[in-house]
Participant: 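Below is a structure I'd like to ask you about.
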Amino acid sequence: MFSDFVDDEPTQLQISLTESQRFGMSVGRLSVPFSSVESDDEIAQLCADSSYDLIIVRVSADRAGILSSLQGLVERSVLQADTLEYFAWDLSNLPSESGESLDFETHASNQFETIRSLVEVSFSGYRNHYSENPQLARSATVEGYLEWVERAMQAETSRMFLATKTGQLEPLGFIVADVNVQQHIAEVLLNGVDPAHRRQGVYQ
């Protein structure tokens, strides 16, 4: 989550129990917040000293030197798997017509099974840090998203919205979001649209 980078928390390497169980190896996650005071070399050394079989490191693109520091480790093989790009909107200032459509309508839901098949078809063949790693199973991407979204929906702050054709029930797209009511912040955790209905305005 983007909040992992903006929260004023210390840089910590933590175990990912779900990924460790899924892949049959010990997996650690290291998200380096914007407020981190550790140098690139110090973060790289933290990875070198770790006993995890696999470490997923997430860091701001502003710290371009960290890849060189990681690649300099003799203890580790390093793969730059993907780059995430975040976008932000002030929802209070969106145009009133945004998101309105005569062809589609949205519904709130809390049933994970409603979107299971939609997640599977939306992320089949999707490339990310799972699929780019030759040590992981090819099915890891879809399985990972299924597990992640199901777990995310169990949180009290989670919200899911489905897009359907007007007057129909079959979901064509979905958004799972984490909503912080007190801070007036909503973060889209995962979204997808059925490949057969892309570029038709479903996501909008």
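Quick caveat: nothing in here was measured; it's all calculated off a predicted structure. For reference, positions follow the sequence shown, starting with 1.
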Participant: Holding to ring pair (Phe, Tyr, Trp, His ring centres under 6.0 Å), I want the full list of residues that pass it with Phe87, two or more places apart in sequence or in another chain.
Facilitator: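 For Phe87, no residue satisfies ring pair (Phe, Tyr, Trp, His ring centres under 6.0 Å) once neighbours in sequence are set aside.
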Participant: May I ask you to test the Phe23-Asp53 pair for a side-chain heavy-atom distance under 4.5 Å?
Facilitator: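 Sidechains of Asp53 and Phe23: no contact.
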Participant: Would you give the length of the straight line joining atom CG of Leu162 to atom CD of Glu170, rounded to the nearest 0.5 angstrom?
Facilitator: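 One finds 11.5 Å between CG of Leu162 and CD of Glu170.
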Participant: CD/Gln12 to OG/Ser36 distance, rounded to the nearest 0.5 angstrom?
Facilitator: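 OG of Ser36 is found 11.5 Å from CD of Gln12.
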Participant: Let me confirm one number: the CD-CG distance from Glu19 to Leu136, rounded to the nearest 0.5 Å.
Facilitator: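 Between Glu19 CD and Leu136 CG, I get 9.0 Å after rounding to 0.5 Å.
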Participant: For Asp41 and Gln45, test the side chains for any donor-to-acceptor distance below 3.5 angstrom and give the result as yes or no.
Facilitator: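 There is no such pair (donor and acceptor under 3.5 Å, judged by atom type) between the side chains of Asp41 and Gln45.
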Participant: For Leu73 and Ala44, which heavy atoms make the closest approach, and how far apart are they?
Facilitator: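 Shortest heavy-atom separation between Leu73 and Ala44 comes out as CD1-O, 3.3 Å.
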Participant: Can you list the other members of the hydrophobic cluster that holds Leu79, where links are side-chain heavy atoms under 4.5 angstrom apart?
Facilitator: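 Its cluster partners, ordered by chain and number, are none at all.
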Participant: How about Asn191 and Val176: do any of their side-chain heavy atoms sit closer than 4.5 Å?
Facilitator: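 With C-beta onward as the side chain, the pair stays apart.
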Participant: With side chains defined as the heavy atoms from C-beta onward, is the minimum distance between Arg76 and Ser50 less than 4.5 Å?
Facilitator: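 Touching, per the 4.5 Å side-chain cut-off.
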Participant: Please report the closest heavy-atom contact between Tyr52 and Val27, naming both atoms and the distance.
Facilitator: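 Shortest heavy-atom separation between Tyr52 and Val27 comes out as CD2-C, 3.8 Å.
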Participant: Under 4.5 Å between side-chain heavy atoms, hopping through other hydrophobics if needed: is there a path connecting Leu54 to Leu13?
Facilitator: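 No; tracing contacts between hydrophobic side chains, which count when under 4.5 Å, never links both residues.
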Participant: If I take atom CG from residue Asp82 and atom CG from residue Asn133, how far apart are they, to the nearest 0.5 angstrom?
Facilitator: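 Rounded to the nearest 0.5 Å, the CG-CG separation comes to 11.0 Å.
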Participant: Under 3.5 Å, is there a donor-acceptor pair linking the side chains of Glu38 and Thr11?
Facilitator: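 Checked: Glu38/Thr11 side chains pair up, N/O donor to acceptor below 3.5 Å.
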Participant: With clusters built from Ile, Leu, Val, Met, Phe, Trp and Tyr whose side-chain heavy atoms come within less than 4.5 Å, directly or transitively, what are the remaining members of the cluster of Phe161, listed by chain and number?
Facilitator: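 Taking Ile, Leu, Val, Met, Phe, Trp and Tyr as members, Phe161 stands alone, with no cluster partners.
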Participant: Passes side chain to side chain contact (heavy atoms under 4.5 Å, CB included), Ser16 versus Arg22? Steps please.
Facilitator: CA-CA 10 Å; Ser16 172; Arg22 185 187 315 134; over 6 Å; no
Participant: Tell me yes or no: between the side chains of Ser158 and Asp178, is some donor less than 3.5 Å from an acceptor?
Facilitator: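 No, no side-chain donor-acceptor pair sits under 3.5 Å.
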Participant: Looking at every non-hydrogen atom in both residues, tell me the closest pair between Leu146 and Arg116 and how far apart they are.
Facilitator: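 Here Leu146 and Arg116 meet closest at CD2-O, 3.7 Å.
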Participant: Are any non-hydrogen side-chain atoms of Met160 and Val149 less than 4.5 angstrom apart?
Facilitator: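 No, their side chains stay 4.5 Å or more apart.
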Participant: Working note: Leu172 + Val193, criterion side chain to side chain contact (heavy atoms under 4.5 Å, CB included); need CA distance, chi angles, decisive distance, verdict.
Facilitator: CA-CA 6 Å; Leu172 306 179; Val193 173; 5.6 Å; no
Participant: Does the pair Lys165/Asp103 count as a salt bridge with the N-to-O cut at 4.0 Å?
Facilitator: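 No.
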Participant: Under the side chain to side chain contact (heavy atoms under 4.5 Å, CB included) criterion, do Val57 and Cys47 qualify, and how do the steps go?
Facilitator: CA-CA 9 Å; Val57 180; Cys47 295; 3.9 Å; yes
Participant: I need the Arg159 CZ to Met153 CE distance, nearest 0.5 Å.
Facilitator: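 One finds 11.0 Å between CZ of Arg159 and CE of Met153.
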Participant: To the nearest 0.5 Å, what is the distance between OG on Ser60 and OH on Tyr86?
Facilitator: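 Nearest 0.5 Å value for the OG-OH distance: 11.0 Å.
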Participant: For the residue pair Gln71 and Leu67, establish whether any side-chain heavy-atom pair is separated by less than 4.5 Å.
Facilitator: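 Yes, at least one pair of side-chain atoms sits under 4.5 Å.
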Participant: Grab the two heavy atoms, one from Val121 and one from Pro195, that are nearest each other, plus how far apart they are.
Facilitator: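 Nearest heavy atoms, Val121 then Pro195: O-CG, 3.6 Å.
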Participant: Give the minimum heavy-atom separation between Gln168 and His107, together with the two atoms involved.
Facilitator: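 Of all heavy-atom pairs spanning Gln168 and His107, the closest is O-NE2, 4.2 Å.
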Participant: Are Leu169 and Thr164 packed together at the side-chain level, in the sense that at least one heavy-atom pair is separated by less than 4.5 angstrom?
Facilitator: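 The answer is no, as the side chains (C-beta and beyond) never meet within the 4.5 Å cut-off.
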Participant: Glu187 side chain to Val179 main-chain N or O, any donor-acceptor pair under 3.5 Å?
Facilitator: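 Not at all, since once roles are kept as given, no pair shorter than 3.5 Å links the two residues.
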Participant: Indicate, with yes or no, if Val32 and Leu84 share a hydrophobic cluster defined by side-chain heavy-atom contacts under 4.5 Å among Ile, Leu, Val, Met, Phe, Trp and Tyr.
Facilitator: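 Cluster IDs for Leu84 and Val32 differ.
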Participant: Find out if a path of hydrophobic residues (ILVMFWY) with successive side-chain heavy-atom gaps under 4.5 Å connects Leu30 to Ile56.
Facilitator: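 Hydrophobic grouping puts Leu30 apart from Ile56.
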Participant: Provide the closest heavy-atom pair for Ser20 versus Ile15 in the form atom of the first, atom of the second, distance.
Facilitator: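 That would be OG-CG1, 4.0 Å.
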Participant: Give a yes or no on whether Phe104 and Val188 share a hydrophobic cluster (residues Ile, Leu, Val, Met, Phe, Trp, Tyr; joining criterion: side-chain heavy atoms under 4.5 Å apart).
Facilitator: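 Yes, Phe104 and Val188 fall within the same hydrophobic cluster.
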Participant: Less than 4.5 Å apart, side chain to side chain, heavy atoms only: is that true for Ser122 and Arg198?
Facilitator: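 Result yes, sub-4.5 Å side-chain heavy-atom pair found.
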Participant: Are Phe174 and Phe112 linked, directly or through other ILVMFWY residues, by side chains that come within less than 4.5 angstrom of each other?
Facilitator: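 Linked within one cluster.
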